[in-house]
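Computed from heavy atoms alone, side chains included, the values below leave out hydrogens, waters and symmetry copies. Numbering of residues begins at 1 and proceeds along the displayed sequence. The structure presented is a predicted model; accordingly, all values stated were derived computationally and were not measured.
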Amino acid sequence: PRVDDYISLSPTSGVAKLAVGANLVGRTIAEAHAACGAPPLSVLAIKRGQRVITAPSPDERIAPGDALVVIGLDPAIEAFAEVGEGDPAA
């Protein structure tokens, strides 16, 4: 994903809104976490069109056009973003 917005909570952590890249579409949140191999982060919400899914289940599948709101340590956010690099899903 691409980091669209970022709010620093401390020198080492924050909240980020990530535009989902094609590499994450179809994966569950749990599968995306496993693929990044970084410290865990929490997905607070998924923006899907006009709908917002708060506290999504680890089994929630990432869909084209989703934006993820995550919170965690900066290295975890960066690793999660790198896993999803690629063309943003349409």
Checklist entry - In chain order, what residues pass the side-chain contact (heavy atoms from CB on, under 4.5 Å) check against Ser10, with sequence neighbours excluded? => result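 Result, side-chain contact (heavy atoms from CB on, under 4.5 Å) vs Ser10: Thr12, Ser13.
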Item to check | Residues that Ala34 engages under side-chain contact (heavy atoms from CB on, under 4.5 Å), provided they are two or more places apart | outcome: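 Expected list: none.
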Checklist entry - Among Thr54, Val70, Leu18, whose side-chain contact (heavy atoms from CB on, under 4.5 Å) with Val43 holds? => result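 Of Thr54, Val70, Leu18, side-chain contact (heavy atoms from CB on, under 4.5 Å) with Val43 is met by Val70 alone.
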Item to check | Taking every non-hydrogen atom, the tightest pair across Leu41 and Gly72 | outcome: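 The answer is CB-CA, 4.2 Å.
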Item to check | Nearest heavy atoms of Thr28 and Pro58, plus distance in Å | outcome: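 Heavy-atom minimum between the residues: CB-O, 3.4 Å.
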Same cluster or not: [X] versus [Y], using hydrophobic residues (I, L, V, M, F, W, Y) connected whenever any side-chain heavy atoms lie under 4.5 Å apart?
X	Y	result
Val69	Ile71	yes
Phe80	Ile53	yes
Val3	Val15	no

Item to check | Residue pairs involving residues 9-19 (criterion salt bridge (Lys or Arg N to Asp or Glu O under 4.0 Å); sequence neighbours excluded) | outcome: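 Qualifying pairs: none.
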Checklist entry - Which salt bridge (Lys or Arg N to Asp or Glu O under 4.0 Å) pairs, counting each pair once, include a residue from residues 24-34, with sequence neighbours left out? => result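 Applying salt bridge (Lys or Arg N to Asp or Glu O under 4.0 Å) to every pair that reaches into residues 24-34, excluding sequence neighbours, yields Glu31-Arg61.
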Next on the checklist: Between Asp74 and Tyr6, is the side chain to side chain contact (heavy atoms under 4.5 Å, CB included) condition met? List the steps.
Outcome noted: CA-CA 10 Å; Asp74 291 341; Tyr6 179 83; 2.4 Å; yes
Item to check | Counterpart residues, salt bridge (charged side-chain N to carboxylate O under 4.0 Å, His left out), relative to Asp4 (two or more places apart) | outcome: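 If we apply the salt bridge (charged side-chain N to carboxylate O under 4.0 Å, His left out) test to Asp4, skipping adjacent residues, the hits are Arg2.
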Item to check | Evaluation steps, side chain to side chain contact (heavy atoms under 4.5 Å, CB included), between Ile62 and Leu68 | outcome: CA-CA 9 Å; Ile62 299 168; Leu68 306 179; 4.2 Å; yes
Item to check | Any residue meeting side-chain hydrogen bond (donor to acceptor under 3.5 Å, both in side chains) with Arg48, in chain and number order, not counting sequence neighbours | outcome: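 If we apply the side-chain hydrogen bond (donor to acceptor under 3.5 Å, both in side chains) test to Arg48, skipping adjacent residues, the hits are Glu60, Asp66.
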Checklist entry - Looking at side-chain heavy atoms only, is the closest gap between Arg51 and Ile46 below 4.5 Å? => result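 Answer no - side chains too far apart.
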Checklist entry - Between Asp59 and Ile29, is a side chain to side chain contact (heavy atoms under 4.5 Å, CB included) present by the stated rule, with each step listed? => result CA-CA 6 Å; Asp59 296 327; Ile29 291 172; over 6 Å; no
